[in-house]
Amino acid sequence: MRPITPRPSVATPSLDRRSFLRRSAFAVAAAAAGPTLLSACGSDSAAGAGSGSGSGSRGITFLSYLPLETLSLAPELLAVAGGHFTKHGLDVKLQPVKGSPQAMQTLLAGSGLVTRVGQIDLVTAVGKTEQPMVNVGSLTRASTVRILYSKKNPLNRPEDLAGKTMGVPSEGGTSDKLVSLVMSNSGLDAASVKRQVVGLTPGTFNLVQQGRIAGYVVSLDTANIVVSQNSDAAIFDPGEYVNADTQVYVSTRDNVKNKAADLKAFLAGINDAVAAMVADESLDETLKVLRGAYSFATLNDDDIAKASLRQSRDAWTGGRPGDPFLVTDEKGWSTGYDELVKAGMVPSGLDPKVWLDNSLLSA
């Protein structure tokens with residue numbers, strides 16, 4: 001196994017109390033049963049959550065490969081709810097799509113300005129097919145996904161995945177490739193792990209308990225809520241075996257050239273949202289602002305929300321909160337590319353630095 005570089009662990013209408021509690025309870029029940037509920041109080045629908053900033057703001061679309069009802073999208077959600085995008089002159093619509101491949105396809109089709117996907121997805125796309133996309137900012141410096149499994153059938157190390165079926169949210173997406181990298185970096189055959197497309201919700205853990213899948217790849221907050229609700233649930237951290245599992249903001253080269261002002265404003269809004277959450281040690285103000293606009297299971301539970309945001313905060317800062325946010329480290333970026341080359345996912349001999357651009361970030 002190749003040595004792995006050490007990574008850090010990691011104006012909306014108000015609701016009366018009765019109405020809020022009723023909606024929160026429904027959200028928790030929905031999460032336990034299957035799909036979670038996102039209530040964006042200032043939006044017509046969850047599929048179009050926006051800042052509601054009114055006239056004078058430039059409208060753009062952010063394409064999310066994740067459903068909106070997850071704290072993995074905390075930077076985007078807070079940038080909307082906390083007015084950080086509005087401050088920079090943007091009215092941002094958060095548009096969910098199904099998986100990272102569709103997010104990139106939709107971006108290339110011109111139906112959105114920017115998306116966020118894994119380095120794994122971006123590098124494999126531009127390295128194999130030379131799609132005109134570029135990383136304009138890195139949100140995380142460590143993995144923010146987990147593999148859930150049952151203690152009755154433990155997954156303590158990569159060898160335990162061999163011959164098993166793993167649940168992933170989309171075929172060929174980040175989670176799918178991540179499982180392959182965990183195996184490849186451990187000198188194991190990635191093809192020995194079968195994949196099955198499943199939902200990202202807490203309710204999917206029933207499939208694990210029934211033995212239909214060995215585990216499934218989820219966000220931090222989903223992992224935390226499942227462990228809190230199921231005594232037999234446990235977590236495998238793929239970030240201990242993979243360097244390339246970082247999250248990056250991606251746009252097209254045409255957008256970088258022709259819509260640089262909008263991209264700079266978007267990244268500035270994200271930067272401000274991340275900075276606000278890092279500065280908010282207790283996270284009380286962060287949760288107050290988010291809950292003023294949204295309602296879903298993991299957000300409404302103080303313990304789950306704070307644990308998830310603290311883990312995400314560690315990933316955003318990489319254990320170095322004094323460093324500038326969103327800046328892509330060129331050495332780490334190249335290390336991730338080398339990892340993907342070894343796994344046979346991209347050709348060797350390419351220059352990964354041409355696929356990143358830090359110039360749109362605030363000084």
Side-chain angles (χ1 to χ4, degrees), residues 4-10 64-66 70-79 100 115-123 135-148 169 173-175 177-179 181-182 185 200 217-227 235-250 267 269-283 286-287 290 298-299 303-333 335-336 339 356 358 361:
I4 297 297
T5 304
R7 304 290 293 275
S9 305
V10 309
S64 173
Y65 78 93
L66 292 169
T70 173
L71 287 171
S72 291
L73 286 177
E76 293 84 0
L77 295 175
L78 185 65
S100 46
T115 186
R116 168 156 65 91
V117 298
Q119 177 186 358
I120 298 170
D121 285 309
L122 177 62
V123 172
N135 163 17
V136 294
S138 292
L139 177 64
T140 67
R141 295 165 181 167
S143 179
T144 56
V145 301
R146 299 292 184 265
I147 294 176
L148 279 169
T174 297
S175 298
K177 294 186 179 78
L178 180 60
V179 172
L181 279 178
V182 168
N185 286 351
L200 290 169
V217 185
V218 295
S219 61
L220 282 172
D221 56 340
T222 298
N224 287 331
I225 200 168
V226 169
V227 169
I235 294 172
F236 176 97
D237 182 1
E240 294 182 8
Y241 302 91
V242 177
N243 282 298
D245 186 31
T246 60
Q247 290 279 301
V248 300
Y249 289 105
V250 177
L267 292 168
I270 292 293
N271 184 86
D272 291 354
V274 170
M277 286 185 280
V278 170
D280 182 15
E281 182 61 32
S282 70
L283 293 169
T286 296
L287 292 180
L290 287 173
T298 53
L299 172 62
D303 291 339
I304 299 300
K306 289 187 176 183
S308 302
L309 288 173
R310 288 190 180 109
Q311 290 168 329
S312 294
R313 191 161 57 187
D314 288 343
W316 301 332
T317 64
R320 304 184 302 276
D323 287 0
F325 305 125
L326 304 182
V327 175
T328 301
D329 175 69
E330 292 187 0
K331 182 177 179 180
W333 182 253
T335 298
E339 193 173 75
L356 70 87
N358 283 319
L361 300 173

Open item on the list: List the residues meeting side chain to side chain donor-acceptor pair (under 3.5 Å) with N358, not counting sequence neighbours, and say none if there are none.
Closed with: none
Task: Atom pair OG1/CD1 of T246 and I120 - distance to nearest 0.5 Å - done: 8.0 Å
TODO: Test V218 against V145 for side-chain contact (heavy atoms from CB on, under 4.5 Å), laying out the working first.
DONE: CA-CA 6 Å; V218 295; V145 301; over 6 Å; no
Open item on the list: Under the criterion side-chain contact (heavy atoms from CB on, under 4.5 Å), I'd like the reasoning laid out for L122 against V248: C-alpha separation, chi angles, the key distance, then a yes or no.
Closed with: CA-CA 8 Å; L122 177 62; V248 300; 4.2 Å; yes
Task: Those residues that, when tested against T115, pass side chain to side chain donor-acceptor pair (under 3.5 Å) (two or more places apart) - done: none
Open item on the list: Please report the interatomic distance CD(E240) to OG(S143), rounded to the nearest 0.5 Å.
Closed with: 9.5 Å
- [ ] With sequence neighbours excluded, tell me which residues meet ring pair (Phe, Tyr, Trp, His ring centres under 6.0 Å) with Y249.
- [x] F266
- [ ] Report yes or no: does T140 contribute a side-chain atom to a donor-acceptor pair with the main-chain N or O of Q247 at less than 3.5 Å?
- [x] yes
Task: Heavy-atom donor-acceptor pair, N185 side chain to Y241 backbone, under 3.5 Å - done: yes
Open item on the list: Checking the side chain of R141 only, and the main-chain atoms of T317 only, is there a donor and an acceptor separated by less than 3.5 Å?
Closed with: yes
Task: Nearest-0.5 Å distance that lies between atom CZ in R310 and atom CD in E281 - done: 7.0 Å
Open item on the list: How long is the straight-line distance from CD of Q119 back to CG of L356, given to the nearest 0.5 Å?
Closed with: 9.0 Å
- [ ] Supply the atom-to-atom distance I270 CD1 to E76 CD, rounded to the nearest 0.5 angstrom.
- [x] 4.5 Å
- [ ] Show your reasoning for whether side-chain contact (heavy atoms from CB on, under 4.5 Å) applies to L200 and L66.
- [x] CA-CA 9 Å; L200 290 169; L66 292 169; 4.0 Å; yes
Task: Closest contact, heavy atoms only, A223 versus I235 - done: CB-CD1, 3.9 Å
TODO: I would like to know whether S308 and N224 meet side-chain hydrogen bond (donor to acceptor under 3.5 Å, both in side chains); could you show each step before the answer?
DONE: CA-CA 7 Å; S308 302; N224 287 331; 2.9 Å; yes
Task: Nearest atoms (heavy-atom pairs only) where L73 meets R116 - done: CD2-NH2, 3.4 Å
Task: Reported CG-to-CG distance for the pair L220 and L309, which is rounded to 0.5 angstrom - done: 9.5 Å
Task: Nearest non-hydrogen partners of G137 and L361, listed with the distance - done: CA-CD2, 4.5 Å
Task: Whether D221 side chain and L71 backbone form a donor-acceptor pair below 3.5 Å - done: yes
- [ ] Given side-chain contact (heavy atoms from CB on, under 4.5 Å), test L139 with V274 step by step and report yes or no.
- [x] CA-CA 9 Å; L139 177 64; V274 170; 3.9 Å; yes
